[in-house]
Amino acid sequence: MAIAQLQVPADRLTAWAGYDGLVQLISVDGQRTVGCPYWDLVADVDALQLRDLYRDMAIVRRIDAEAMALQRQGELALWAPLLGQEAAQVGSARALRPDDFAFTSYREHGVAYCRGVDPVAMLRMWRGNGLSGWDPAAYNIATPAIIVGSQALHATGYALGITLDDAHSAALAYFGDGATSEGDISEALGFASSFGVPVVFFCQNNQWAISEPVRLQSHATIAQRGQGYGIPSVQVDGNDVLAVLAATRLALARAYAGQGPTLIEAVTYRMGPHTTSDDPTRYRSHAEEEEWRAKDPLVRLRALLHNEGLADDEFEQEVAAAAGDTATALRLGVLDLPNPASDALFEHVYAGAHPLLDAERDAYLAYLAESDEVS
Amino acid sequence: MAIAQLQVPADRLTAWAGYDGLVQLISVDGQRTVGCPYWDLVADVDALQLRDLYRDMAIVRRIDAEAMALQRQGELALWAPLLGQEAAQVGSARALRPDDFAFTSYREHGVAYCRGVDPVAMLRMWRGNGLSGWDPAAYNIATPAIIVGSQALHATGYALGITLDDAHSAALAYFGDGATSEGDISEALGFASSFGVPVVFFCQNNQWAISEPVRLQSHATIAQRGQGYGIPSVQVDGNDVLAVLAATRLALARAYAGQGPTLIEAVTYRMGPHTTSDDPTRYRSHAEEEEWRAKDPLVRLRALLHNEGLADDEFEQEVAAAAGDTATALRLGVLDLPNPASDALFEHVYAGAHPLLDAERDAYLAYLAESDEVS
Amino acid sequence: MAVDTPAHTDTATAAATTSTMTLGKALNAGLRQALDDDPKVVLMGEDIGKLGGVFRVTEGLQEDFGDRRVIDTPLAESGMVGTAVGLAMRGYRPVCEIQFDGFVYPAFDQIVSQVAKFRYRNEGRVAMPVTIRVPYGGGIGAVEHHSESPEAYFAHTAGLRVVTPSNAADAHRMIRQSIASDDPVIFFEPKRRYWEKGDVDEHAPLDDMPLHRARVVTEGTDITVVAYGPMVATSLEAAGIGAEEGVSLEVVDLRSLSPIDFETLEASVRKTGRLVVVHEAPVFGGLGAEIAARVTEQCFYSLESPVRRVGGFATPYPAAKLERHFLPDADRILHEVDRCLQP
Amino acid sequence: MAVDTPAHTDTATAAATTSTMTLGKALNAGLRQALDDDPKVVLMGEDIGKLGGVFRVTEGLQEDFGDRRVIDTPLAESGMVGTAVGLAMRGYRPVCEIQFDGFVYPAFDQIVSQVAKFRYRNEGRVAMPVTIRVPYGGGIGAVEHHSESPEAYFAHTAGLRVVTPSNAADAHRMIRQSIASDDPVIFFEPKRRYWEKGDVDEHAPLDDMPLHRARVVTEGTDITVVAYGPMVATSLEAAGIGAEEGVSLEVVDLRSLSPIDFETLEASVRKTGRLVVVHEAPVFGGLGAEIAARVTEQCFYSLESPVRRVGGFATPYPAAKLERHFLPDADRILHEVDRCLQP
Ligand SMILES: Cc1ncc(C[n+]2csc(CCOP(=O)(O)OP(=O)(O)O)c2C)c(N)n1
Ligand SMILES: Cc1ncc(C[n+]2csc(CCOP(=O)(O)OP(=O)(O)O)c2C)c(N)n1
Ligand SMILES: [Mg+2]
Ligand SMILES: [Mg+2]
């Protein structure tokens, strides 16, 4: 269900100068905007593809809802919901080619989905069955980074590798608004700028870092932050899947063409709690939540589809069925995940031999066997 | 020899909007520039004060030269020369009031001098007699920070303390162009911007971080970096003492008035080696060094004084004598510094009692005494 | 920064009674008291204001003391600690909250090169009364980086004090002592014990039990088990089972990890002749090594068997479903006790 | 990044001869060989290009291999190591140079939470063949932060290997082994020994001495002295003096600090019955604690006196004019040897 790749013409790249306004292609009530100089970048997105994007977003939302339910039922230890960020995640991830590589934090389930990761594999970590769930090289997406900001440097290093390989692909680094305060994000921007490597910094400014509003992190926009490093930076409506797709495509095209890093600030909203352990009523108002509910990215795309006669009941039923099937498979798959064997504790610490660890493992397994005999 | 404080009028502050050009008040050939909107900030600097600034710079240069000589003669372990950065250091430090507080790296001997620190105390650390040389609270200047970038956070925290005290003073953080790549500098800019505290970030862009040219750190200017955090930022000619004084005064006035942080990029040049261990011929050209020699900050101020008939032979002799006296006193003082006693090793690790350390000290001193008996 | 008028809580007039509270609440009460006692105390951290911290240890404090005393910082640990250094230079006593153990590493440089060394560098002219609170340890089924036990890194860093309470009363007393200390203190909070209750006398004098003192929690005769933080309860559990099985364990709660109160510990070992050290951190290079090495050196001729160590393995902290294998429990402690007793 | 055409040095055709070179030059030759052997090897660091590093360990390498193989990074250690992680994920073998020991702390988070844990987190699906070179230790009369011995922090971090050569031949061999290792290696270079000469066979096979093996440097009968890195030479000096005085010291060079080759060490201790551990780092919580604890546990009934440790004190590294008090020397080693022999 990959969105076909648009070839961005070379003159379009050199015309890049950072766009001052907020890139928005679909208005809140589902109308195409006029005048925004990003339309050419999604000119190829036809009805079928719009419906694909909607289906992706609906399925991703359903995966998220199912995971929330599983957590509430005690089947997951924790979950970080993406509710409200579907357009930002699907729009950006669908701009990627297979040989691009995504680096994410813990909330980008929608990105993992678009990269082809099985949702059951995504939930494995949250169930506590492992520290991750998939092979990064198989899908070209790293497993989630929990240390806020750390992954932006990994993306920059990976992009340096792309440059050294003389390859034409890109690394995409996802991080949040809160993460922009961490030194690692700044160092990533600095290294990327200095080396001129093909990395796209994709910040989902969802207004909150747990209980901290984005204005606590900085008084300037995140796009301005990028410009301070000489990195072309743009603010997009992160609840508008087409705007996100367009901006990401342009940024990737710059990367492929050897023009270095770009920063995209996708302005969106975390409609749910930070994680299932969080209680947002302690720090934000119902009114604010309502204000953003009106900008729901799925509702907006659905409105566009309806306004343009691209979606009917049949389509909606098809999507609902697909989402339902995914959720059912996810639930079954998660409940079926095998518990790790006790000796898994000692596996994969080192590639080479390690006498100390071997001795510890042998002693512990012997102890376990002995205790089993006793009990 | 403090420069009298100009009261910056309130409307001058609100008119601040970051100046786009390079602030320069004295041209390379020692003429006053016209049209630069910073002249009002040094309108009070009369002949006497100009001569004071020149005397400061000349003495500081002489201290530096004497330290270089002492190092070459084996009397110091190391020295980081400031040659070429006298205007940046004297111009900024002379803008400070006594209750402001300066945080520096290892090269700001000129700042320490202006704060009233005895040059002998400055050299104590470089001779290896101690890890520092003075009481920060006595002069309102911290002892040098060697971990690049670390001190900018200390300045920001100190400025937060000023805010919590409802006081009207400022912290001034000095750092280099290389330091701007460290996460700590970014975090300092972020915290200062978020808290809106009275700190002035003063970056001496001396073009080099050991062997790395400033363009390796970033493709944008350092002033642009500050703007990315919403911090008003300005580039000044760092070899022009009046421009530096003017910009620092404005920044401090903003701080006193509760308008938050400012960043100043002083464009200057490290005319000497990074330290006495360094060999710049490995990485930079003689031509580049010559180019900057023509912009020597002392030569420039001297030219202004001569052009305006403010300096005569008598004055020059007076300055030379003052510098010579300082150098002589410095040399004598340094050679006279008492070697630390062996038990100083164990002093001042903790404020409170510490049985382990006490035991270690007692055992070691007993061992020393025993060995003395034996030998 | 908005100015709130702090609503001081009046503890001075309250009667000196003992009440039962969780370890987390005891910390909250201790912090409250520290804020009350000294206007120079400020709390800093991520989400410590309106949210009250992810463990609610600072709950209600911003409301009562205002956002100039209880400060939400931008999301950056080095920034937080480096800023605390500057505040200390201005005469404040900052108390930083690191949200979880695994997030202390971005601040490692400021802690090791600045907080720890500032006084020494300045030959006693600058004090660094910074307290850094770190919820630590495993056992809560968390995702990666939320169950680390990094105490050995800090204990090996001269200039720092490192302490950890194991119960509510100590939590209340020790957090106030740490804040009052003119030395920097890394204050490790046993997060899985936040909800365990104990009796706290909020008006007990601070100096009846110095911060660096270890405490014999249960007396015993056959063997000493030394633990700290979360492992004290586990060791007490082992002592209980041991008692039923006729083995008498003396449990010592170390409380201070730097310096270590070897006096108390060695007195116990001289009595029992045997020692098992317990911690969650990996055994290799852990604090147990220092304890074993020094006690052996000092009590060599009193020891009837070599000191044994129980702790985590030479692996990163594992996934939640494996942590019960990683974490010492009463059985593993008793297993090592047995090996000491029947060598 | 400019593209230079690398001028490969042709070592394959050179005859296999042994030559005398300094430890620093041996590292340079080893790095050169690694760059030659594997196009995926890249060097990264501050000032490693034109300057050749502040110790000139990378001298001439950028000139010969180009600035795509030998990369000057912006001045940021976390950035350097984090970027190396990404390069490793792309299939490279990055070798980072930290300019001095005291500057490794800003990278601590990326090392401890990323480099060390990546393989484990990803269950073996991602390799992390990153080598981090750190000149360490004192004795060069430097200013603050330039004489640290932080090896215990890294040895206590599961997922890392930690090694340190004490001589030119080992430097040459071990740097190549470290780079070839699929595990991350923290490679500590004894900076004050950079200028000490030794015989190096540049074509010796890599596998004749595994990276994790300790080596008995001098045989002896009365007592074992174990040291590593800069302290091996000091221990050998002590052995020389001891021999004159009729005490026979067996000196073991640990070489690998994680894992530690206890097999070799314990064999020596079983023979001599006594052990002194030497390192520059503060004794409290240092690696010597682990060595003492484990050797005692394993050789309890062979030990005729408790293991003693010689090292730095519980102070930050002091000013240059005090460092001779802080640093172990042959006399202090022999003092502890005496205490072991006449308890
Ligand atoms: C270094 C570090 N510090 C603190 C945390 C705890 N923490 C986890 S998520 C989070 C907020 C992140 O906010 P943001 O970057 O905006 O991402 P979002 O959660 O909104 O997607 C915090 C403080 C962490 N994981 N890592
Ligand atoms: C964290 C850290 N990394 C590396 C160093 C080594 N070092 C000392 S000075 C320096 C260059 C600093 O350049 P810059 O910030 O431009 O200041 P300048 O020396 O030019 O005054 C480096 C890399 C250090 N002191 N601290
Ligand atoms: Mg956010
Ligand atoms: Mg510089």
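The chains referred to below are lettered A, B, ... by the order of the sequence lines, with proteins before strands, and numbering in each begins at 1. Given the structure is predicted, the values throughout are model-derived calculations rather than measurements.
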Q) Residues in salt bridge (charged side-chain N to carboxylate O under 4.0 Å, His left out) with D:E144, at least two apart? A) C:R121
(Q) Counting heavy-atom pairs closer than 4.5 Å to chain B, which one of D:H146, D:H325, D:E77, D:R332 comes out on top? (A) D:H325
(Q) So for D:E323, is it side chain, backbone, both, or neither that comes closer than 4.5 Å to the heavy atoms of chain B? (A) neither
Q. Less than 4.5 Å apart, any side-chain heavy atom of B:R284 and any of D:K50?
A. no
Q) Quick one: of B:H354, B:R127, B:H348, B:M125, who has the most non-hydrogen atom pairs under 4.5 Å with chain D? A) B:R127
(Q) Give the interface residues of residues 206-215 of chain B toward chain D, defined by a heavy-atom separation under 4.5 Å. (A) B:A209, B:I210, B:S211, B:E212
Q. Which atom pair, heavy atoms only, marks the closest approach of B:G128 to D:A319?
A. O-CB, 3.4 Å
Q: Specify the closest pair of heavy atoms between D:P74 and B:L216, including all atoms of both residues, with the distance to one decimal.
A: CG-O, 3.6 Å
Q) So which of D:V54, D:T315, D:V283 has the largest heavy-atom pair count under 4.5 angstrom toward chain B? A) D:T315
**Q.** Closest contact, heavy atoms only, D:Y317 versus B:L131
**A.** O-CD1, 3.8 Å
Q | chain D interface, residue from B:A77, B:P340, B:A179 that has the most non-hydrogen pairs under 4.5 Å | A | B:P340
**Q.** Closest heavy-atom pair and its distance - D:P106, B:E182
**A.** CB-OE1, 4.4 Å
**Q.** Heavy-atom contact with chain D under 4.5 Å, split by part of B:D184
**A.** neither
(Q) Run D:H335 and B:Y367 through side chain to side chain donor-acceptor pair (under 3.5 Å) and show every step you take. (A) CA-CA 8 Å; D:H335 182 70; B:Y367 159 81; 6.0 Å; no
Q. Which residue pairs satisfy the salt bridge (charged side-chain N to carboxylate O under 4.0 Å, His left out) criterion with at least one member in residues 337-359 of chain B, sequence neighbours excluded?
A. B:D358-B:R361
**Q.** Residue selection (most heavy-atom pairs with chain D, distance under 4.5 Å) from B:L357, B:L345, B:V349
**A.** B:L345
**Q.** All pairs passing salt bridge (charged side-chain N to carboxylate O under 4.0 Å, His left out) where residues 102-111 of chain D contributes a residue, at least two apart
**A.** none
(Q) Taking side chain as everything from C-beta outward and backbone as N, CA, C, O, which of these in B:I185 sits under 4.5 Å from a heavy atom of chain D? Side chain, backbone, both or neither. (A) neither
Q: Mark yes when over 12 heavy atoms from residues, nucleotides or ligands other than D:R324 sit less than 6.0 Å from its CZ; otherwise mark no.
A: no
Q) Can you find a heavy atom in the side chain of D:D47 that is under 4.5 Å from one in the side chain of B:H274? A) no
Q. Pick from B:D279, B:L78, B:L356: which one has the most heavy-atom pairs with chain D under 4.5 Å?
A. B:L356
(Q) I'd like to know which of B:S342, B:S132, B:A344 tops the heavy-atom pair count under 4.5 Å against chain D. (A) B:S342
Q. Going from CZ on D:F103 to CD1 on B:I146, what distance comes out if it is rounded to the nearest 0.5 angstrom?
A. 7.5 Å
Q) Nearest 0.5 Å, what's the OG-NE2 distance between B:S150 and D:H145? A) 6.5 Å
